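A short worksheet on the structure shown next.
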Amino acid sequence: MAKPQLAIDGGTPVRTRLLPYGRQTIEDDDIAAVTETLRSDWLTTGPKVCEFERALAAVAGTSHAVAVSTGTAALHAAMYALGVGPGDEVVVTTMTFAASANCAAFLGAKPVFVDVEPDTLLIDPKQVEAHITPRTKAVIAVDYAGHPCDYDALEAIAVARGLPLVDDACHAIGGSYRGKPIGSLALLNAFSFHPVKHVATGEGGAVTTSDAELARRMRLFRNHGITTDFRERAVQGAFAYEMVDLGYNYRLSDIQCALGITQLAKLQASVARRQAIARQYDKAFRENPAVKPLAVRSDVSHAYHLYAVQLDLDALTADRATVFRALRAEGIGVNVHYMPVHLHPFYQNKFGTARGLCPVAEAAYDRLLSLPMFPAMTDADVADVVEAVGKVCKAYRR
Ligand SMILES: *Cc1c(COP(=O)(O)O)cnc(C)c1O
């Protein structure tokens, strides 16, 4: 059978307008909520922050949520609350966005990278155990792509060593593990509200916890290390405040929290749509031997921030970079998540990490592709992705 002419070789693309890999959904109720806040007395640190934090704690099935300016700030606040500092080590998966490890480096600690399971690309609990030393201060798991990690295994290791477990849950809000919602599975759980994530506030983040003292420390940290905020002083009729530690301005504004509240109300529906898209992809790729979706464990509800696949390079004449360019030319906004963090020049130069440290993640990286995944995708959009992937795989079939 004739091989199709790819757009990259001058053929007709499947789509003329690029379908992005992720995109926010902003509707009239979101816009109305922001407009209402703009007309109110409070633009920052007003009633919407508390309302958003309460709603988020409820979704996470836990007692405290502390809203901050970004997901990165959330991870930084979590490390601060745990007292991470120079001389400490923090065990973290390498298959993640750099911020998952940077948060330890911010405080002078050393990120210790561990490898992942080959079928899910989630942190391997056995590797966590093997990398714990007397200097280890915390363990950070990442629910890569939105698939919750194996928290029973991770918690058992953490409890046995007296170590706090942190979930970088930036991919996974709305997911669950053995019936327990993401946000309640680790001592501290960090979220991002960047527009490609499930809940968009422009920039934004939060940490959820059941520990009141850790929540108090994070509230201090996000507000310069000052013990009361402006609103509390207004209520008390007081002018004096004390800065008791070195904090940052990591506050999330009322404008952003107003948007977060309406976005959060639609989380369940948006996760359900992501799951429906994933089922369509799963079904289509069962017939394509060159494309292997990641495994999904039976005891989780996957939040599908990403739909990542591994290419079977033995079945193709092209490498990942070529397949990536060919799909982009077809109008499909594929992406790669992620280059393992230990391979970034900063970590190689500053912490002496090198290729060979996490062989499973490194091998996966050469084959990874993220396909478009966002709730506003139509079934026709999904069909375009399936068609383009089929066309490109056929053209490069060995
Ligand atoms: C998005 C993301 C972050 C950082 O969130 P920002 O809000 O962009 O700072 C951290 N960790 C992971 C795994 C992420 O995907």
Side-chain angles (χ1 to χ4, degrees), residues 20-24 52 56 65-80 90-107 111 113-114 116 120-123 138-149 165-175 182-183 185-186 188-208 218 221-222 248-253 256-257 259-260 263-264 271 274 294 302-308 335-342 344 346-347 361 364-365 368 370 373-374:
Y21 90 90
R23 192 188 145 76
Q24 73 277 13
F52 180 52
L56 182 63
V66 179
V68 292
S69 53
T70 64
T72 305
L75 289 160
H76 192 183
M79 291 297 105
Y80 168 83
V90 174
V91 172
V92 60
T93 175
T94 194
M95 184 49 76
T96 184
F97 182 58
S100 309
N102 295 350
C103 63
F106 290 159
L107 289 159
F113 296 100
V114 303
V116 293
T120 59
L121 305 186
L122 295 173
I123 192 166
V139 175
I140 305 177
V142 177
D143 306 309
Y144 174 75
H147 188 310
C149 297
L165 182 62
V166 177
D167 178 10
D168 177 345
C170 289
H171 293 186
I173 189 170
I182 285 289
L185 292 158
L188 294 164
N189 310 268
F191 296 98
S192 166
F193 308 122
H194 181 279
V196 297
K197 310 287 168 67
H198 298 66
V199 169
T201 64
E203 298 284 357
V207 185
T208 59
M218 292 189 291
F221 185 69
R222 76 171 170 191
Y248 291 75
N249 179 353
Y250 275 168
R251 297 184 304 258
L252 192 62
S253 71
Q256 291 165 300
C257 288
L259 182 54
Q263 288 272 296
L264 205 51
V271 170
R274 287 172 183 270
L294 297 182
H302 193 318
Y304 285 107
H305 163 54
L306 302 173
Y307 189 91
N335 235 302
V336 175
H337 302 93
Y338 295 92
M339 175 159 92
V341 181
H342 72 276
H344 283 293
F346 171 79
Y347 283 103
Y365 171 55
L368 269 177
S370 300
M373 169 58 84
F374 54 96

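A quick note: this is a predicted structure, and the numbers were derived from the prediction, not measured. Indexing begins at 1, ligand by ligand and atom by atom, following the structure's order.
- Within 4.0 Å of ligand 1, protein heavy atoms come from Thr70, Gly71, Thr72, Leu75, Thr96, Phe97, Ala99, Ser100, Val142, Asp168, Cys170, His171, Ser192, Lys197, Gly204, Tyr338.
- A search for salt bridge (charged side-chain N to carboxylate O under 4.0 Å, His left out) contacts involving Arg274 returns nothing, not counting sequence neighbours.
- Relative orientation of the His305 and His171 rings is tilted, given thresholds of 30° and 60° on the angle between their planes.
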Listed pairs under 3.5 Å, donor-acceptor, residues 193-207 side chains, sequence neighbours left out:
from   : atom 1 : to     : atom 2 : distance (Å)
His194 : ND1    : Val196 : N      : 3.2
His198 : NE2    : Ala303 : O      : 2.8
Thr201 : OG1    : Glu203 : O      : 2.8

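- Inter-residue side-chain proximity for Leu306 and Tyr21 is flagged as met; some heavy-atom pair is nearer than 4.5 Å.
- Remark: Tyr347 engages Asn102 in a side-chain hydrogen bond (donor to acceptor under 3.5 Å, both in side chains) (not counting sequence neighbours).
- Residues Ala190 and Leu75 share a closest heavy-atom pair of CB-CD2, 3.7 Å.
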